[in-house]
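Computed from a prediction, not measured in an experiment: that's the story for all the values here. Along the sequence shown, the residues carry numbers beginning at 1. Computed over heavy atoms, backbone and side chain alike; hydrogens, waters and symmetry mates excluded.
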Amino acid sequence: MRDLPFPVRDANAVGGAGNLGNLPEWDLTDLYSSEEAPELSRDLTWLEAECTAFARDYDGKLADLDAEGLLTCVQRNEKISAISGRIMSFAGLRYYQLTTDADRAKFLSDMQEKVTIFTTPLVFFTLEINRIDDEVLKKMFAANAQLARYEPVFRRIRAMKPYQLSDELEKFLHDLGVVGDAWERLFDETIAGLLFTVDGQELNIEGTLNLLTEQDRTKREAAARELAQVFQSNIKTFARVHNTQAKEKEIVDRWRKMPTAQTGRHLSNDVEPEVVEALREAVVAAYPKLSHRYYELKRKWLGLDVMQVWDRNAPLPMEDTRTIGWEEAEKTVMDAYSSFDPRMAEIATPFFSKGWIDAAVKPGKAPGAFAHPTVTDVHPYVMLNYLGKPRDVMTLAHELGHGVHQVLAADQGEMLSSTPLTLAETASVFGEMLTFRKMLDQAETADQRKILLAGKVEDMINTVVRQIAFYDFECKLHAARREGELTPDDINALWMSVQAESLGPAFEFMDGYETFWAYIPHFVHSPFYVYAYAFGDGLVNALYSVYDSGADGFEDKYFEMLRAGGSKHHKELLEPFGLDATDPRFWDKGLSMISGFIDELEAMES
C-alpha cells in the first residue's frame, strides 16, 4: 500500500494577490465518483476477500513455491497494493482538499482502519521472503524472467532482514500504524486550522507565509511576529506530536535493533549511509561559500546592517512584484519543458486540461504542495497553493516534474514504479532547472538576470543548505528524545543550534523564531525525508552539467532513467551519464553550480 500524500515542499512563503485567472481543481472521479460509489464498495469487498484468500493460500508456504508459483504470489500481492492504493489515494486526496472537514477526516480514518485490518494477515509476505535462502532465490530468478523483473523489490525487502521481528510482533506493529497516522492528522488539522491576524486581516498559514515575500519590510516583520505568536500559542500541541512520534520511532527502532534513527530512512531510500554522510559533510563544509556568502550580498542589496529572519525570502529592491497569472505560469513551464523535449510537454499537458491539478489557496486546504502518484492504472495528482509569485511558478515546474516522472514510471507496475525519495526529486528539480534556464535566456536586462540568478540561488539554498540544516535538527531531536521527554524549550534550542550555522553571520534572530520548527510537515509525516531534497538538487546539478555540455543522446537517456522508476539502484541509473553518487567529488560538482551562480552575482556588483 502506498503512503498517503503529504506536502513535500518546504513551506517557505509563496504567493501573491490579485486576479490569477481560472485556477484548476481536482477531478477525483478517475479514482471514484464519491465516497458512496458502488465501485468503492466493490473494491473494499474484493480487498477483504482477496487478503483473506492470499493469506490462506500462501501463509507458511512461500518457501515451498517454485518460480512460477512465487511469480503468481507476487502478482496477486501487487494487485492488492493497487486496489488498497486506489482507496487510500482517494480518501487522502479528498482530505487534503479540506482537512478541517470532519466528514472527510472520518472517511479517511475509516478507510485507513479498514485497509489496515484487511492487510494485517499479509504481514507474513515480506517476513517469509526474507527466510528464503539467497541461492534458492537466485535459481528462481534464473528460471523465470518475469519473476526476475521483481529482483529489485526482493533486494529492498531483504535489506530489512537484519531488523525483522517475529511474525506476531510485525502484525502488531502493522495494526498499531493507525495510531501514528492519527498523530499526523492532528498535526495537519492543527496547522490547517491556524488563523493569523496581520494588519487587521485574518489569514491561514499559506497566506501569512506569503507575506514574508512582500516588498514592504513592515509587512514581512508583522507576518513573522504573528507566526511566532500563533506558533507559541500552540507550541504544547506541536511538542506533544513530535515527542510522541519520535518516541514511537525510538521504540520500534530499538526493537528492530536499528543502529541509528536514520537507518530506516536510508533503507527505504535505497541509499548507503556513507553516501548521505558524504553529502551532508560536503554541504556543511560549503555553508561559508554558499549561504553565508549569498546572504552577505543580499544584506547589502537590502541596505541593512543586519538581516532578520523576515528578510530571508524578501524580494530584491528592484524586483518586479507583479502577480503572475495562471495562464502565464502554465505557458512558462510548458515552453521550458517543450524546449527540452516535446515528449515532456506532451506528458504534462493532461495535468492542466483534465483536472489533475488543484491550484487555488482555500480555507482548510493543506499547506505546501505535492505530487501524488496514486496508482499505476490511474494517474498522478498535483496539489499547489498558487498565489502568483515567481516561486509559485517554480513550484509548479517542480511538482509537474514529479508528475511526469510518475507517469513514465507507471509502466513498471505497482511494485517497481515507486522511486526512492533520493531519486524521486530528480525530475522535479530538473523541471525547475529547465524553467529557470528558459527564463534566464529570456532576460532582457542585467537587472532581470540578477533577479533571476538571485532567486535561483535562494531556491537552491532552501533546497540544499536549509534541508541539510533540517536534517541535522532531526538528528539532534531524535537523539535527544532517546534520553527523555523534550519540553518545547528543549526543541526550540535544538532548532536554533542549526540555524545560525547554516544561515551565517548576516542574520539576527528575532525572539519567537525558535518555534518555527513547528510548521514543517516532513518532521512529522516522514522523519529524515528532508535530505532527499539536497540529494536531488546535487544530483540534478551534476546531470544538468552533462546536458549542458551537449552530451549525445542525453534526452533519451533521461527518459529511460525516469521510466526505470524504482527498478534500478542510483548507481545503475547514473552510470549512462558518467556519474557516480558514491564518489565524494560528485557532491562538489553539484555545489559548484550554486557557487558559480554566486560568483556571477558578485561579479555584477563589481
Side-chain angles (χ1 to χ4, degrees), residues 8-9 24 324 326-357 359 369-374 376 378-384 386 390 392-412 417-419 423-442 452 456 459 463 533 536-537 539-568 573-574 576-577 579 593:
V8 296
R9 289 279 282 174
I324 301 169
W326 180 254
E327 284 189 14
E328 183 181 348
E330 177 182 345
K331 185 177 187 308
T332 299
V333 175
M334 290 294 281
D335 283 353
Y337 277 26
S338 183
S339 294
F340 170 70
D341 192 302
R343 290 174 292 179
M344 198 164 174
E346 185 180 345
I347 296 166
T349 296
F351 284 85
F352 295 95
S353 60
K354 294 189 175 181
W356 299 3
I357 300 176
F370 61 76
H372 182 53
T374 70
T376 55
V378 186
H379 55 76
Y381 283 91
V382 165
M383 194 189 83
L384 307 171
Y386 187 83
D392 290 358
V393 180
M394 289 300 174
T395 300
L396 171 60
H398 180 102
E399 301 306 341
L400 200 60
H402 278 306
V404 168
H405 193 175
Q406 291 158 0
V407 169
L408 285 167
D411 287 343
Q412 292 289 344
S417 63
S418 184
T419 310
L423 296 170
E425 292 301 322
T426 304
S428 54
V429 179
F430 197 82
E432 279 192 77
M433 182 63 79
L434 291 173
T435 304
F436 162 70
R437 293 286 187 172
K438 185 75 172 176
M439 295 169 74
L440 194 65
D441 289 343
Q442 294 171 348
L452 285 167
K456 184 59 178 173
D459 284 344
T463 303
Y533 289 117
D537 196 272
L539 189 154
V540 165
N541 291 344
L543 260 183
Y544 197 89
S545 68
V546 176
Y547 169 60
D548 207 31
S549 71
D552 289 339
F554 180 91
E555 291 84 353
D556 287 338
K557 291 176 185 176
Y558 179 74
F559 279 102
E560 284 307 305
M561 179 176 69
L562 300 190
R563 286 192 186 95
S567 68
K568 293 182 180 179
L573 289 173
L574 292 175
F577 303 96
L579 299 171
M593 180 178 286

Q: Would you name the heavy atoms of Gly536 and Glu425 that are closest together and state the gap between them?
A: CA-CB, 4.0 Å

Q. Are side-chain heavy atoms of Ile324 and Asp392 found at a separation under 4.5 Å?
A. no

Q) CG of Leu573 to OG of Ser567: how many Å apart, nearest 0.5 Å? A) 7.0 Å

Q.
Treating Ser417 as the side-chain partner and Gln412 as the backbone partner, does any N or O pair qualify as donor plus acceptor under 3.5 Å?
A. no

Q.
For a 4.5 angstrom cut-off between non-hydrogen side-chain atoms, does Phe436 reach Asp459?
A. no

Solution key, residues 338-347 side-chain donor-acceptor pairs under 3.5 Å, sequence neighbours excluded:
| residue | atom | partner | partner atom | Å |
| --- | --- | --- | --- | --- |
| Ser339 | OG | Asp335 | O | 2.9 |
| Ser339 | OG | Lys438 | NZ | 2.8 |
| Asp341 | OD1 | Arg343 | N | 2.9 |
| Asp341 | OD1 | Arg343 | NE | 3.0 |
| Asp341 | OD2 | Arg343 | NE | 3.3 |
| Asp341 | OD2 | Arg343 | NH2 | 2.8 |
| Arg343 | NH1 | Asp556 | OD1 | 3.3 |
| Arg343 | NH2 | Asp556 | OD1 | 2.9 |

Q. At what distance, to the nearest 0.5 angstrom, does CG of Leu562 lie from NE2 of His405?
A. 4.5 Å

Q: Might you work through the side chain to side chain contact (heavy atoms under 4.5 Å, CB included) test for Val407 and Phe351, ending with a clear yes or no?
A: CA-CA 11 Å; Val407 169; Phe351 284 85; 4.1 Å; yes

Q | Leu423 vs Leu539 side-chain heavy atoms within contact, under 4.5 Å | A | yes

Q | ring-ring contact (aromatic ring centres under 6.0 Å, His included) assessment of Tyr558 paired with Phe430 | A | CA-CA 10 Å; Tyr558 179 74; Phe430 197 82; 4.5 Å; yes

Q.
Quick check on the 6.0 Å ring-centre criterion: do Phe554 and Phe577 meet it?
A. yes

Q.
Between Lys331 and Glu328, is the side chain to side chain contact (heavy atoms under 4.5 Å, CB included) condition met? List the steps.
A. CA-CA 5 Å; Lys331 185 177 187 308; Glu328 183 181 348; 5.7 Å; no

Q: Just say parallel, tilted or perpendicular for the rings of Phe370 and His372, cut-offs at 30° and 60°.
A: perpendicular

Q: Return yes if a side-chain donor-acceptor contact under 3.5 Å exists between Glu432 and Thr435, otherwise no.
A: no

Q: Determine whether more than 12 heavy atoms belonging to other residues, nucleotides or ligands lie under 6.0 Å from atom CD of Gln442.
A: yes

Q: Could you tell me whether the side chain of Tyr337 and the main chain of Leu434 form a donor-acceptor pair under 3.5 Å?
A: no

Q) Any donor and acceptor pair, going by atom type alone, linking the side chain of Glu330 with main-chain N or O of Phe352 inside 3.5 Å? A) no

Q: Working to the nearest 0.5 Å, report the span between NZ of Lys354 and OH of Tyr381.
A: 11.0 Å

Q. Atom OG1 of Thr332 and atom CD of Glu327: how far apart are they, to the nearest 0.5 Å?
A. 11.5 Å

Q.
Given Met394, which partner from the list Lys456, Glu399, Met439, Met433 fulfils the side-chain contact (heavy atoms from CB on, under 4.5 Å) test?
A. Met439

